[in-house]
Structures are given as structure tokens and as C-alpha cells.
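Below is one structure, written out as C-alpha cells; the observations come after it.
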Protein chains: 2
Amino acid sequence: MPIELRHLRYFAVVAEELSFTAAANRLRISQPPLSQQIRDLEDEVGAALFQRTSRRVRLTAAGDSFLVHARAILAQVDSARREAQAIGAGKTGRLLIGTTGSILRSGLADLLAAHRHEYPEVTSTLIEQAPALQIRALQERSSDISFIRLPPAVDGLVATLAWKEDVVLAMSRIHRLANRKRLVLRDLRDEEFVALVPESSDFARSIQESCVSAGFLPRVAHEVVDAQSIVGLVSAGFGVALVPASISRFTNREILFRRLAASTLSADVYIVRRDEEHSQVVRTFIEFSRKYAARRAPG
Amino acid sequence: MPIELRHLRYFAVVAEELSFTAAANRLRISQPPLSQQIRDLEDEVGAALFQRTSRRVRLTAAGDSFLVHARAILAQVDSARREAQAIGAGKTGRLLIGTTGSILRSGLADLLAAHRHEYPEVTSTLIEQAPALQIRALQERSSDISFIRLPPAVDGLVATLAWKEDVVLAMSRIHRLANRKRLVLRDLRDEEFVALVPESSDFARSIQESCVSAGFLPRVAHEVVDAQSIVGLVSAGFGVALVPASISRFTNREILFRRLAASTLSADVYIVRRDEEHSQVVRTFIEFSRKYAARRAPG
DNA sequence: GCAATCCATATCCATAAGATATCAATATCG
DNA sequence: CGATATTGATATCTTATGGATATGGATTGC
């Protein structure tokens, strides 16, 4: 019969009370079985832990050493239980989130801050990389969820809308179309565009496809890697750009953001995750995102 | 029903095998009770530790954390058992030994070195102090054993002979009695003595008493604190001294050691300890000392 | 020296760990 | 695609063992 935690619990109390009777009282059991359990423990350990002088109980040197360990073990069992429970309840844990720079600035940063505030024990790690790599990371289980615009339909993954976001036209304040009352996509057919490199961005590609659907192939004069640097180029008059509405937060005097009429363009952000049971931290985070989006943009 | 080590042992194996059936085989129990025990553990922890997809078993985030702790706990139980057993067997532990400088030089140092060689895991601490203080240290449990010459009969303490040692006369090589064939104690009645201060040494007092029994009160010309410094004074011709035979190891050209005829003087060294059950380290040490003395001085 | 404690021993009982049989669900294979 | 095998869960029974009660031997305190 191997050592059990019961033995350690009993032993610790006897060592504290230095009395089998008193310890048995504290443990709410009777004295004989307690003596028996301690005896079993001593047999199992292979050394006397107490020195019983039929009137006085005293720890042996071996018992002295064992007590230190026993207490540490019992404490660790307790903390193991607490920690697992906290993780199970989604109160603590690790969260690996894939995203792109533009989404991060778009509002994800605020969402993460709010989540961190509510669940301070959850360690969230952000991985900024191209959407295609994020998809692979999800499949390889090296990330938990991804925030992606225009997520591809991939087997084993599911996407749910995180928040809606419009596409707006960014142009210089002195651009010839700046004062036009109503603007539609087709009006941009002769413009020069500032855009993200399409290889790294599904969003850039979708803009391009929309233009083609509208009957023209956009002339991209300048390609940039970082969405934010679009603002600089546009305001310097290098061309116009179709960007997520949240980019307008990084505005300046020379730039103007205009909504296109009758546009089907969208920069909606989706949460992508594996199509399976997730850990509670992940579930809690997704639920939190849902509520957060609803609160910020009701309806 | 609280968490037991059985739960952790079962859990660790299931986590390793990621299969209840395989784990049950390894644990030499059938599968249903194993499932039951894991279920009980999960209930107790308050979180799912495995994610069962009815075909695949996988650790949850909580289970992942719990596994780390479980393994650490099981390992610590094992090391606690080993350590207590080693202490119980006297292979390791602490040993507090009281002694005096002269006994240490007399042969105790060699004994300790031999013991350390045989039981390298036993940490022995030496406390050099006056015999009276050693007795008190023993009673107060702040020391385990003491090496003492002429131990007083004290209630609760027992003394056993560690090794026999003669008393020899130390005198200058040019002393007038240096060439006398046979010397008895009474021959020293007109000599000047170099001796230890009697307050700090029972041995010094016993020498004095023996002289009185032999019919004279020894004239102590020089009192010293350290037994070894007697050698210096005697060789410089400041007087004679009755010292433990082992002192003769610290001889020089000018000094001569002579055995007294028909002498009842003895410098036997005793091990003193409490009259109760001792830890195995102590018992082993005492036994070791006994054998060591027998080997060095058979008969 | 008697009563009061304290731990150990002996015996009994109730609980729970484990075994057996079976089911539902899913992956494997002809 | 259906038959089969494999996996974990459920139900029921058996048995091992933790715990209770009664008692004894040893020591201490009055």
C-alpha cells in the first residue's frame, strides 16, 4: 500500500500536536485508526517518524525531515488545485492571439486592454504576422485565435464577426474630388492609388477585386507594407487610398476621409479559431470580444 | 473525498498515455475504475483536466498545468521518503558533538575523520567547550553526545568508555628524576607542577586528588588553560606535569614522557549521552566509535 | 496507591476502490 | 458504405481497507 496524502495530512497534525489523541480530535477521527495510519506511513517510509515513550510523543530526526517535505507537498497540492481551477474557469492562463498591425491599431488594442483589465491573470501574447501565416499557426495549434479581415474558408477553422468596419476613401484635402458631394467607387477609376502590397494583405486584394467589379483596374502608384504609412503618403498628395475606417483616427490637417456611396466594400474584422472545444480562457475571451463589440457599436 | 496521491499517480499516467485503456493496463487496473478516479479528481479540482472526444483524449489547459504540479508532487513524495529513510538508517543527518581541545587532539579528530569517511552524508558539528557546559548542552538537547574525561554522574545522562588512555609524567630530559628507573606518584611530592586550571578541568582536579591520596598536596607553579601548552612549559624546565598519554605525540628534544609505576591514574575518555532513545545517526556514531577504539587498541 | 491519561491491540463495520459486463460513439477496413 | 474493432462511459457487484468501539498496558499526578 503506497503513501497517500491522507498519511501526510495525519502526520502533519500529529507532528503539530505531538499527541495522537489531540490530533485524532482535530482530524475528527478516533485515535486507534490514526495510530494505525501513522504506523503504515512509517512502514512505507522505512523509518520511525515519532518516538513514542508511552507518555510523550516526539519527532525523530527522520520525522523532522519528513515534516518539512510533508508540509511542502500538501501546500503544493493545494496550489496545484487552485491553479488548475483558475485556468479551468478562464481566470488565468495563456492566450496566443494572431493579428495584423492594422487590426491592432483598428481597435484590437483597446479590446485587449479591456480584457486584460477584467482578467489580469491571463497572459496574452500577440503575434503580428501575415494572415496566411496566422491560418497556419492556428492549424498547427501554435496560436489560439486570430483577428483577420476577410478570413479564407479553411477546413477545421471557423470565423465569427468580431466587429463591423467600413472602408473609407482617404484623400488629400486639396484633391479635385474633395468637394464632390457624392462619391462612388467608379469615380476613382482615373485616380492613382496608395495601397498595401497585395501579397501580404487579403484586404488589399479585395479592394483591387472590388475595383475590377466596378469596371476598372486601379492604378497603384505606391505600395506600402504598413497600413498606417498610407496616411502619410495620401496627405502628401501621392494618391488616394481605400482604408479601414479606423485608420481615420490617425488623421492630420491635410487629409480627408470620405465614405463612398452605395459601397459594398467592408473591412469587417473576424475572429478565426479552430473548430473544436476550446480552453476556457479562449472561450471567455471570445465571449468577452462579442460583448465588447456589442457595447461599442450597438446594433 | 479529498485528493489523494492515487489520483495524481493515475492522472500522470493517463496524461502520458493519452488513453484511459492504455493507462489502465500500465496501472494494472481495469479501465472503468480509472475513469472513475479521474472523474473524481476533476470534481475535486473543480476543472476538466482532459478533453475526451470519445475517440481522442487530450489535456486541457488546466490539465496541462496540473500535470506539471502532479509530477513535482510525486517526485517530492519520493525524495521525502528517501531522505527520511536515509536519516532513519543513520546514513545522513546532523550530529552535534561536544568535546575539549585535549580530547580532540588526543585521537577524537582521527575518529571523526574516519567516521566522516564512512558516512560522508552525516554533517557533524564540533563544539569545543568546558565539560560542565557540555553536560548542560546535553541536558538542554543542544548537543547529542560529548567526549569527556572523568564524566560526572548526572541524572538522565549515561557515560560509556570510548577509549582507555594512560596518564604519563612529562618532564625535562635534564630533570633530576629523568634517569630514575622506577617512578611512583609519591616521588613527585617535592616537584613543581605545570597543570591546567582546576576550575575548567575535571581531569586537573582528579590529578590533584590522586596526589592528595598519595600523601602530598602538589605545588602548582604554573597553571595553563590549554593542555598542549603544557609541553612548552615542561620542556623549558618550569616543572613536571601529569598528562594524558596522547599528549606525547607533541613531543620535542627536551621533553621526556615516563609511565608511573603502580599508578591508578587514568585519562580514559568517555562518551556521554542522554539516557533515552537516540536517533540512528547518534546510535551509529556511538557504535562506530566502539569499533574504532577496539580496532586501534585491541584488548 | 488509585485515578487519570496516553498509545497500542483486537475486532467489527461501512465505505469506496476495483472487477465484470455492457453500451454508445467513432474510427478502420474490406 | 456497412461490418467490425476500439475507446470511454455507465451499471452492478465484490472486496479491501479506513475508521469505530472496546479494551489493555504503561506512566504520571494527586
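Here the structure is a predicted model, which is why all the values come from computation and not from measurement.
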Can a donor-acceptor pair be found between the side chains of B:Gln36 and B:Arg39 at a distance below 3.5 Å? no
Exercise for review: Ignoring backbone atoms, test whether B:Thr21 places a side-chain nitrogen or oxygen under 4.0 Å from the OP1 or OP2 oxygen of D:dT6.
Suggested key: no
Taken to the nearest whole Å, CE/A:Met1 to P/C:dA17 is 15 Å
Ranking C:dC7, D:dG19, D:dG8 by distance to the side chain of A:Ser19, first place goes to C:dC7
Hey, does A:Tyr10 reach any base, or is it just sugar-phosphate, or nothing, if we go heavy atoms under 4.0 Å? sugar-phosphate
Checklist entry - Should the ring pair A:Phe11 and A:Phe50 be called parallel, tilted or perpendicular, given that the plane angle runs from 0 to 90° and is split at 30 and 60? => result tilted
For this session: Output yes when at least one side-chain N/O atom of A:Arg52 is less than 4.0 Å from OP1 or OP2 of C:dC6, else no.
Result: no
Rounded to whole Å, the CZ-C1' distance (A:Arg9 to D:dG19) equals 16 Å
From CD of A:Glu17 across to C1' of C:dC6 the rounded distance in Å is 14 Å
Item to complete: Quick one: do A:Asp275 and A:Asp155 satisfy side-chain contact (heavy atoms from CB on, under 4.5 Å)? Show the steps, please.
Response: CA-CA 9 Å; A:Asp275 184 16; A:Asp155 203 56; over 6 Å; no
To the nearest angstrom, the CG-C1' distance between B:Asn25 and C:dA19 comes to 14 Å
Which is it for A:Gln134 and A:Ser143 under the side-chain contact (heavy atoms from CB on, under 4.5 Å) test, yes or no, and what are the steps along the way? CA-CA 8 Å; A:Gln134 289 183 46; A:Ser143 114; over 6 Å; no
Here the distance between atom C1' of D:dG18 and atom CD of B:Glu4, to the nearest Å, is 11 Å
Taken to the nearest whole Å, CZ/A:Phe20 to P/D:dA20 is 16 Å
Original post:
A:Arg6 side chain N/O closer than 4.0 Å to the phosphate oxygens (OP1, OP2) of D:dG18?
Top reply: yes
Salt bridge present between B:Glu287 and B:Arg290 (N-O < 4.0 angstrom) | yes
Looking at B:Glu121 and B:Arg82, is any side-chain nitrogen of the basic one under 4.0 Å from a carboxylate oxygen of the acidic one? no
Here the distance between atom P of C:dA27 and atom CZ of B:Arg56, to the nearest Å, is 8 Å
Whole-Å distance, B:Arg58 CZ to D:dG8 P, equals 14 Å
**Message:** Under a 3.5 Å threshold, yes or no: a donor from one side chain and an acceptor from the other, between B:Thr284 and B:Gln280?
**Reply:** yes
Residues in residues 27-40 of chain B with a heavy atom under 4.0 Å of DNA chain D, by number, are B:Gln31, B:Pro32, B:Ser35, B:Arg39
